[in-house]
There are 2 protein chains.
Amino acid sequence: MNEIKISPPLHEGKKTLAEQAYESIREAILTLHLEPGQDIYESELANMLNMSRTPIREAVRLLAMEDLIEILPQRGMKVTHISESKVEETRFVREVLEIGALRKVVEHWDEDKPVYQVLHRELQLNLETQWQAQAEEDFAAFLRADEVFHRQLLHASGNMTLISIVTKMRYHLNRVRMLTLNELKNTEELIREHGELLAAIQSGDTAAATDILTQHLRRLKVDIDAVKQQYPSYFSG
Amino acid sequence: MNEIKISPPLHEGKKTLAEQAYESIREAILTLHLEPGQDIYESELANMLNMSRTPIREAVRLLAMEDLIEILPQRGMKVTHISESKVEETRFVREVLEIGALRKVVEHWDEDKPVYQVLHRELQLNLETQWQAQAEEDFAAFLRADEVFHRQLLHASGNMTLISIVTKMRYHLNRVRMLTLNELKNTEELIREHGELLAAIQSGDTAAATDILTQHLRRLKVDIDAVKQQYPSYFSG
DNA sequence: GCTTCTTGACTTGCATGCAAGTATACAATA
DNA sequence: TATTGTATACTTGCATGCAAGTCAAGAAGC
């Protein structure tokens, strides 16, 4: 009478080589350790990661599908250049999806439900972290907190498919953001907007919330020209 | 003085085995020739497609990333079950993205520009095809025309990234739709909505256009319960 | 000098073989 | 009978070898 089901080992720790390769290479691309436009080769990556070409190939195919790597048949591969239009496309997709998720969250928001109380507290805590990072001029810490803030909000929508798409869109945006890492100039404004957003959600004002978030997400539009001039070889088109 | 650049052979015809495998397997899943929940094996697919396991593996990895296949380490793979929540998630993502694209199109719409005149004519032509298909009760033909209608509209937004995501969301929706293939009941309504949508776009009425499309896309919500009862083994959760 | 051809040093594409993990049937045991 | 152990017939994970495509440099021909 096996009434008690033992949950499987959940072998989270055991990652295949292909999975490791995928994550390592993706991370290298996002942190610009593999530079946009750089030529890369299966055997080279295989050596670096101490494995054979087979798992590398699998990883690289996935990255190609995410437009992070370009495959040149029989010739090699290269890290995709940052494309201004691709960045704008992904920014738009992210905006639309994140607004959609937000609208859903606000519509379902109920101050009395513990779930939302917890979420509200977490977001407020996160906000404090953001202010602190700003005070200490720790831009990396701010970026992390910012990411968590948006992720928590998305998570509340309960739509995992949407979340995973937004995450992938972020890849392309983050490469640009990486290049502006030292520019702290408008973090204060960003954090203030996070606060206003939270207030709007709490008060159930859908229109205000979506307006704020739209505005917020469009800030990314500005800097790209400056960055392009500073690192022309990273860009295409 | 090679001023004229000869465009590369554009070896569109030359597809790698891995690409062929990807397309074949995906098509088999979407047409339900590979049934939801069915066990599949690398060697089996390799035999069916007359190639070795290597290109199959690459194809399968991509399909797994699109949630069309589930990989069970060291045990095999299976076609993912149709999940009610996954369908709703993808439906929502599609709705949000398609509305976003539509809004953009309407805002840029300009009756005097040839591009939009052409588009308008094409959409109207497509509409006639839809009516004809409906009259002949050729549901497959209607589905094709419907797909083209929406694709043309999306295409006008110019956002390729968005289009490719919507396409992938459609995969999951189409499997359900496939099961309701014989149900012609509300095509007439759907086509009428297409017409209304086109009129709203032409007259530049963003609010009306988005309302109609929202309504239109939400029709998919209805039938799923009936289908689930008819084909319980295809569903999970 | 300017083409055209040949060669060779690369690359990826794919087939194959072996190692290792997993489920199942069945014998051994309490 | 119910439980445990074990052999075995699967599966995928990965390394490796070879075929074939691509590019670039230099030889050959004009």
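Atoms considered below: every heavy atom in the structure, side chains included; atoms not considered: hydrogens, waters and symmetry mates. Below, read A as the first sequence line, B as the second, and so on, with proteins coming before strands; counting in each chain starts at 1. Note that this is a predicted model, so its numbers are computed, not measured.
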Nearest-Å distance, [atom1] ([X]) to [atom2] ([N])?
X: Glu42(A); N: dA15(D); atom1: CD; atom2: C1'; answer: 13 Å
X: Lys14(A); N: dT12(D); atom1: NZ; atom2: C1'; answer: 14 Å
X: Tyr41(B); N: dC10(D); atom1: OH; atom2: C1'; answer: 9 Å
X: Asp39(B); N: dT22(C); atom1: CG; atom2: P; answer: 17 Å
X: Asn47(B); N: dT16(C); atom1: CG; atom2: P; answer: 11 Å
X: Glu58(A); N: dA15(D); atom1: CD; atom2: P; answer: 10 Å
X: Gln20(A); N: dC14(D); atom1: CD; atom2: C1'; answer: 13 Å
X: Glu19(A); N: dT12(D); atom1: CD; atom2: P; answer: 15 Å

Exercise. Take Ile40(B) and Pro55(A), find for each the nucleotide of DNA chain D with the closest heavy atom, and name the residue whose nucleotide sits nearer the 5' end.
Key: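 Its nearest nucleotide lies further toward 5', so the answer is Ile40(B).
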
Quiz prompt | Residue whose closest nucleotide on DNA chain D lies nearer the 5' end, Arg53(A) versus Gln74(A) | solution =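 So the residue in question is Arg53(A).
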
Quiz item: Going by the angle between their ring planes, with limits at 30° and 60°, are His194(A) and His150(A) parallel, tilted or perpendicular?
Solution: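 Taking His150(A) first and then His194(A), their aromatic rings stand perpendicular (interplane angle over 60°).
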
Counting only N and O atoms by type, is there a donor-acceptor contact under 3.5 Å from the side chain of [X] to the main-chain atoms of [Y]?
X: Glu98(B); Y: Leu154(B); value: no
X: Glu66(A); Y: Leu63(A); value: no
X: His108(A); Y: Lys104(A); value: yes

Practice problem: Would you indicate what Thr16(B) reaches in the nucleic acid, counting non-hydrogen atoms under 4.0 angstrom: base, sugar-phosphate, or nothing? | Solution: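 Sugar-phosphate only.
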
Quick one: is [N] close enough that its OP1 or OP2 comes under 4.0 Å of any side-chain N or O from [X]?
X: Arg57(A); N: dA15(D); value: no
X: Ser52(A); N: dA15(D); value: yes
X: Arg75(B); N: dA23(C); value: yes

Self-check item: Arg61(A), nearest nucleotide to its side chain (from dG13(D), dA15(D), dG13(C))
Solution: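 Looking only at heavy atoms from C-beta outward on Arg61(A), the closest nucleotide is dG13(C).
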
Self-check item: Options dA15(D), dT12(D), dG21(D), nucleotide nearest the side-chain atoms of Thr54(A)
Solution: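 Nearest nucleotide to the side chain: dA15(D).
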
Quiz item: Can you tell me if His81(B) and Ser83(B) form a side-chain donor-acceptor pair at under 3.5 Å?
Solution: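 The answer is no; no qualifying pair exists.
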
